[in-house]
Engineer: 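Please read through the structure below; I'll follow up with questions.
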Amino acid sequence: MVTRFDHIVIAAATLEQGVEYVRNTLGVDVPPGGEHPLMGTHNHLMNLGDEVFLEIVSTNPNARPPERPRWFALDDPAVFSSLVSQPRLLTWVVNTDDLVSLQASTRHRLGDVTPVSRGNLNWLFAIPTDGALRAGGLLPYAMQWQTEPHPALAMTNLGCRLRSLTVFHPYAAWLKVMLTAMAAEGLVAVEPLNANELPYLSAAIETPTGLVNLDSRLA
């Protein structure tokens, strides 16, 4: 069983808002991806490396409301309200070759292992029952692709590359233990904060015009 970095998630109140945010920050126009009928969401996607990508996701106003809370806490009033004010880097995702075994081996529940599809792509995704972010977005969601090769290889390359993802947390040792349980401890950097500081994610992305840092903090 191997755990790999998969993608970063930028969430927005609408896809148009999310695409504009990435255009203004990274200087590129991210093309459409598709719809997730199970979750009532849709996305835009771009390649960030060999098997790494960036996802812009939002609720799909034209979709039938899902029978369960949407992933990425998009149904959480506080999260959605913050996204109306500003799209942002919200969380990250890892993939594994055996999600059921990863779920069984961790000391904390990853979520319900659920089949998901978008067009001709299929995967398993561990979705928390309440749709909540894991540790406020600092711990990754986990998934297993059921499609080969990795879909990122077919995504549009706009000259952007993910150089690093760093998690800043006042309880850095705890975070490392949780990541180790997922065999994900080497996938991101973990930096300590003072006890009174709020944790956040920071992604360093090389763009055609230079290095840009995106983080999960509200402006």
Engineer: Is the shortest side-chain N to carboxylate O distance from R88 to D215 below 4.0 Å?
Structural biologist: no
Engineer: Between Q86 and Q17, is a side-chain contact (heavy atoms from CB on, under 4.5 Å) present by the stated rule, with each step listed?
Structural biologist: CA-CA 8 Å; Q86 176 191 301; Q17 180 200 33; over 6 Å; no
Engineer: Can you tell me how far apart CZ (R4) and CH2 (W145) are? Round to the nearest 0.5 Å.
Structural biologist: 13.5 Å
Engineer: What are the two closest non-hydrogen atoms of F168 and S202, and how far apart are they?
Structural biologist: CE1-CB, 3.8 Å
Engineer: Which residue, W123, F53, F125, forms the ring pair (Phe, Tyr, Trp, His ring centres under 6.0 Å) with H7?
Structural biologist: F53
Engineer: Under the side-chain contact (heavy atoms from CB on, under 4.5 Å) criterion, do V212 and L214 qualify, and how do the steps go?
Structural biologist: CA-CA 6 Å; V212 176; L214 298 180; 4.2 Å; yes
Engineer: Say you draw a straight line from CG of L124 to CG of L102; how long is it, rounded to the nearest 0.5 Å?
Structural biologist: 12.0 Å
Engineer: Say whether I205 and V93 are linked into one hydrophobic cluster, either directly or through other cluster members, by side-chain heavy-atom distances under 4.5 angstrom.
Structural biologist: no
Engineer: Between G40 and A63, what is the shortest heavy-atom contact and its length?
Structural biologist: CA-CB, 4.0 Å
Engineer: Please check if the side chain of N194 supplies one atom and the backbone of E197 the other of a donor-acceptor pair under 3.5 Å.
Structural biologist: no
Engineer: Do T25 and T207 pass the side-chain contact (heavy atoms from CB on, under 4.5 Å) test, and can you show the C-alpha distance, the side-chain angles, and the key distance before you say yes or no?
Structural biologist: CA-CA 10 Å; T25 54; T207 76; over 6 Å; no
Engineer: Could you report the tightest heavy-atom contact between L201 and L90, atom names first, then the distance?
Structural biologist: CD1-O, 4.1 Å
Engineer: Which pair of heavy atoms, one from L158 and one from M46, lies closest together, and at what distance?
Structural biologist: CD1-SD, 3.8 Å
Engineer: Sub-3.5 Å donor-acceptor pair from the side chain of Q144 to the main-chain atoms of D97, do we have one?
Structural biologist: yes
Engineer: Treating N95 as the side-chain partner and M143 as the backbone partner, does any N or O pair qualify as donor plus acceptor under 3.5 Å?
Structural biologist: no
Engineer: Before giving the answer on side chain to side chain donor-acceptor pair (under 3.5 Å), spell out for R70 and H36 the whole-Å C-alpha distance, their side-chain angles and the decisive distance to 0.1 Å.
Structural biologist: CA-CA 10 Å; R70 292 177 176 88; H36 313 106; over 6 Å; no
Engineer: Nearest 0.5 Å, what's the OG-CG distance between S216 and L198?
Structural biologist: 10.0 Å
Engineer: Going hydrophobic residue to hydrophobic residue with side-chain gaps under 4.5 angstrom, can you get from V79 over to I127?
Structural biologist: yes
Engineer: State the CG-CG distance between L138 and L133, to the nearest 0.5 angstrom.
Structural biologist: 9.0 Å
Engineer: Taking a hydrophobic cluster as the set of Ile, Leu, Val, Met, Phe, Trp and Tyr residues connected by side-chain heavy atoms closer than 4.5 Å, whether directly or through intermediates, do V28 and I10 fall within one such cluster?
Structural biologist: yes
Engineer: Keeping T3 on the side-chain end and M182 on the backbone end, is there a donor-acceptor pair under 3.5 Å?
Structural biologist: yes
Engineer: Identify the two heavy atoms, one from P199 and one from P170, that lie closest to each other, and give their separation to 0.1 Å.
Structural biologist: CB-CD, 4.0 Å
Engineer: Under 3.5 Å, is there a donor on one side chain and an acceptor on the other for D6 and W92?
Structural biologist: no
Engineer: Quick one about H42 and R118 (side-chain donor to acceptor, distance below 3.5 Å, no hydrogens or angles considered), yes or no?
Structural biologist: no
Engineer: Going by heavy atoms in the side chains, are Y21 and L26 under 4.5 Å from each other?
Structural biologist: no
Engineer: Could you grab the distance from atom CG of L45 to atom CE of M155, nearest 0.5 Å is fine?
Structural biologist: 4.5 Å
Engineer: Would you say the side-chain atoms of T106 pair up with the backbone N or O of Q103, donor to acceptor, closer than 3.5 Å?
Structural biologist: yes
Engineer: For D50, does the CG atom sit with more than 12 other heavy atoms under 6.0 Å from it, leaving out its own atoms?
Structural biologist: no
Engineer: Check whether V116 and L110 end up in the same hydrophobic cluster, where Ile, Leu, Val, Met, Phe, Trp and Tyr are linked by side-chain heavy atoms less than 4.5 Å apart.
Structural biologist: no
Engineer: Checking the side chain of D112 only, and the main-chain atoms of T114 only, is there a donor and an acceptor separated by less than 3.5 Å?
Structural biologist: no
Engineer: Closest approach of P115 and L38, non-hydrogen atoms and distance?
Structural biologist: O-CD2, 3.5 Å
Engineer: Regarding N47 and T156, is there a side-chain donor-to-acceptor distance under 3.5 Å anywhere?
Structural biologist: no
Engineer: For the backbone of P140 and the side chain of R134, can you confirm whether one donor and one acceptor N or O come within less than 3.5 Å of each other?
Structural biologist: yes
Engineer: Listing request: all side-chain hydrogen bond (donor to acceptor under 3.5 Å, both in side chains) pairs with a residue in residues 165-181, at least two apart in sequence or in separate chains.
Structural biologist: none
Engineer: Kindly say whether L15 contributes a backbone atom to a donor-acceptor pair with the side chain of E20 at under 3.5 angstrom?
Structural biologist: no
Engineer: If hydrophobic clusters are built from ILVMFWY residues whose side chains come within less than 4.5 Å, do I56 and F5 share one?
Structural biologist: yes
Engineer: Can you tell me how far CG of N43 sits from OG1 of T41, rounded to the nearest 0.5 angstrom?
Structural biologist: 7.0 Å
Engineer: Evaluate L139 against L175 for side-chain contact (heavy atoms from CB on, under 4.5 Å), listing each step before the verdict.
Structural biologist: CA-CA 8 Å; L139 285 175; L175 189 71; 3.7 Å; yes
